[in-house]
Amino acid sequence: MAYAIAIDGPAGAGKSTIAKRVAKELNYIYVDTGAMYRAMAIYFMDNGIDCNSEEQIQSAVDGVDIRIEYADGVQQVILNGSNVTARLREEAVGRMASATSGYGCVRAKLLELQRNLAETSNVIMDGRDIGTTVLPDAQTKIYLTASSDARAKRRYDELVEKNGNADYEEIKADIEKRDYQDMHRTISPLKQADDAVLLDTSDMNIDEVVAAVKKLIR
Ligand code: C5P
């Protein structure tokens, strides 16, 4: 049977950075489920779909085909035949993903894809509902979090390094809004699974978190 490690937690807790490192060290496949919600969001944006209209979302979902490929171990997301990986991290895409991830039709489509990936390979999968819904039988479950201040500070530093400037208060407000939406939706809200281990990384560096996660897996 394949081994599954589920990492859930709010935006900016460092899930993907940690999961990528651990996957490389253990030779597991890293599955970034947020990227799938983001690819779906790109489709909605490119096709002028109103994120407040369940009817529009519902009929659009049928036209979406998302596939996951790996290039040198790096996850690539193919949306209706086009590789959209380079666009996934745009701020507007993240906002649209958060606004549309509460729809049952969106979640059902991606759930199937996520479970299929975990069936045949050892995976470390990160998201919001992996331990609670997608892989409830995962052998290791971690809830990775950090204070909203710590998460906003990390994102701020990242953006300053990339663009030379950033607005801390705006970043923090965006993170808190995203947390609220993800934790209060009806279907698969973000929450710690009963059998997940809580890891608060507010005062930890990346090496310390990687070591802590590897210890939990052993
Ligand atoms: O993790 P990331 O920021 O890429 O996720 C983008 C959005 O996708 C999240 O804000 C959340 O609304 C949604 N998401 C989700 N369930 C997951 C992964 C992501 O609802 N398993």
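From a predicted model like this one, the values you see are computed outputs, not experimental measurements. Atoms considered below: every heavy atom in the structure, side chains included; atoms not considered: hydrogens, waters and symmetry mates.
Across all non-hydrogen atoms, the minimal contact from A11 to R151 is O-NH1, 2.7 Å. N80 and D65 make their closest contact through OD1-N, 2.6 Å (heavy atoms, listed as atom of the first residue, atom of the second, distance). Between V134 and R115 the shortest heavy-atom distance is O-NE, 2.9 Å. The shortest non-hydrogen separation linking G9 to Y143 is CA-CE1, 4.0 Å. Scanning both residues, T100 and C51, for their nearest heavy atoms gives CG2-CB, 3.7 Å. Nearest heavy atom pair, residue L144 against residue G14, reads CD2-C, 3.9 Å.
The side-chain heavy atoms of S188 and R128, taken from C-beta on, include no pair separated by under 4.5 Å. Residues M183 and P189 form no side-chain contact, since every pair of their non-hydrogen atoms from C-beta on lies 4.5 Å or further apart. Residues Q76 and V74 have side chains in contact (heavy-atom distance under 4.5 Å, counting atoms from C-beta outward). Counting only heavy atoms from C-beta outward, the side chains of D126 and D8 never approach each other to under 4.5 Å. Side-chain contact between I171 and L159: present, with at least one pair of heavy atoms (C-beta onward) separated by less than 4.5 Å. Contact check for V210 versus V22: side-chain heavy atoms found under the 4.5 Å cut-off. Taking 4.5 Å as the limit, some side-chain heavy atom of V93 sits within range of a side-chain heavy atom of M45. Under the 4.5 Å side-chain criterion, counting only non-hydrogen atoms from C-beta, P10 is not in contact with R178.
No side-chain donor-acceptor contact under 3.5 Å links D167 and Y156. Using modelled atom types, one finds no donor on one side chain facing an acceptor on the other under 3.5 Å when comparing S121 with Y28.
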Handout entry: Full working for side chain to side chain contact (heavy atoms under 4.5 Å, CB included) between R21 and E25
Key = CA-CA 6 Å; R21 277 263 307 261; E25 290 183 28; 3.6 Å; yes
Practice task
Report the C-alpha separation of I5 and Q139 in whole Å, then their side-chain angles, then the decisive distance to 0.1 Å, and conclude whether the side chain to side chain contact (heavy atoms under 4.5 Å, CB included) test is met.
Solution key: CA-CA 6 Å; I5 302 161; Q139 289 87 342; over 6 Å; no
Handout entry: side-chain hydrogen bond (donor to acceptor under 3.5 Å, both in side chains) between N83 and T85, intermediate numbers included
Key = CA-CA 6 Å; N83 189 332; T85 310; 2.5 Å; yes
Handout entry: side chain to side chain contact (heavy atoms under 4.5 Å, CB included) evaluation trace for M40 with K109
Key = CA-CA 10 Å; M40 195 77 107; K109 180 138 195 162; 4.1 Å; yes
Handout entry: Steps toward salt bridge (charged side-chain N to carboxylate O under 4.0 Å, His left out) verdict (D149, K153)
Key = CA-CA 6 Å; D149 269 321; K153 174 80 172 51; over 6 Å; no
Exercise for the section: Take I78 and V84 through the side chain to side chain contact (heavy atoms under 4.5 Å, CB included) test and state the conclusion after the steps. Expected result: CA-CA 6 Å; I78 315 298; V84 293; over 6 Å; no
Practice task
Apply the test salt bridge (charged side-chain N to carboxylate O under 4.0 Å, His left out) to residues R154 and E158: give CA-CA distance (whole Å), side-chain angles for both, the deciding distance (0.1 Å), then the verdict.
Solution key: CA-CA 6 Å; R154 288 175 195 162; E158 219 175 275; over 6 Å; no
Practice task
Decide salt bridge (charged side-chain N to carboxylate O under 4.0 Å, His left out) for R107 and D129; before the verdict, give the C-alpha distance in whole Å, the side-chain angles of both, and the deciding distance to 0.1 Å.
Solution key: CA-CA 10 Å; R107 302 205 72 83; D129 61 338; 2.9 Å; yes
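Within 6.0 Å of CG on N163 lie more than 12 heavy atoms contributed by other residues, nucleotides or ligands. Counted within 6.0 Å of CD on E161, heavy atoms from surrounding residues, nucleotides or ligands total 12 or fewer; the atom is thus considered open. Summarising the local packing, OH of Y70 is surrounded by more than 12 heavy atoms from other residues, nucleotides or ligands at distances under 6.0 Å. Heavy-atom contacts from other residues, nucleotides or ligands closer than 6.0 Å to NZ of K172 number more than 12. Other residues, nucleotides and ligands contribute more than 12 heavy atoms inside 6.0 Å of the CG atom of N116.
Residues L26 and I29 are members of separate hydrophobic clusters, defined by side-chain heavy-atom contacts under 4.5 angstrom among Ile, Leu, Val, Met, Phe, Trp and Tyr. Under the 4.5 Å side-chain contact rule for hydrophobic residues, Y37 and L113 share a cluster. When hydrophobic clusters are built by joining Ile, Leu, Val, Met, Phe, Trp and Tyr residues whose side-chain heavy atoms come closer than 4.5 Å, directly or via intermediates, I57 is grouped together with M96. Note on L198: it clusters hydrophobically with L190, by side-chain heavy-atom contacts below 4.5 Å among ILVMFWY residues. In terms of hydrophobic clustering, with Ile, Leu, Val, Met, Phe, Trp and Tyr side chains grouped at heavy-atom distances under 4.5 Å, Y30 and V123 are assigned to different clusters.
Between the side chain of Q75 and the backbone N or O of D32, at least one donor-acceptor pair lies under 3.5 Å. In terms of modelled atom types and a separation under 3.5 Å, the side chain of K141 and the main chain of P136 share a donor-acceptor contact. Between the T201 side chain and the M204 main chain, no donor and acceptor come within less than 3.5 Å of each other. For the pair T132 (side chain) and A193 (backbone), a donor-acceptor distance under 3.5 Å is absent.
Taken from CG in D137 to CG in L135, the straight-line distance is 8.5 Å, to the nearest 0.5 Å. Atom CZ of R38 and atom CG of L79 lie 14.5 Å apart (nearest 0.5 Å). We find the CG-CD distance between L117 and E112 to be 11.0 Å, quoted to the nearest 0.5 Å. To the nearest 0.5 angstrom, Q114 atom CD is 6.0 Å from L111 atom CG. Here the OG atom belonging to S148 is positioned 7.0 Å from the CG atom belonging to D179, to the nearest 0.5 angstrom. In this structure, NZ in K191 is found 8.0 Å from OG1 in T133, a value given to the nearest 0.5 Å.
Counting only residues at least two apart or in different chains, side-chain hydrogen bond (donor to acceptor under 3.5 Å, both in side chains) contacts with residues 44-56 comprise D46-R87.
Just one of L110, V77, V106 meets the side-chain contact (heavy atoms from CB on, under 4.5 Å) condition when paired with M36; it is L110.
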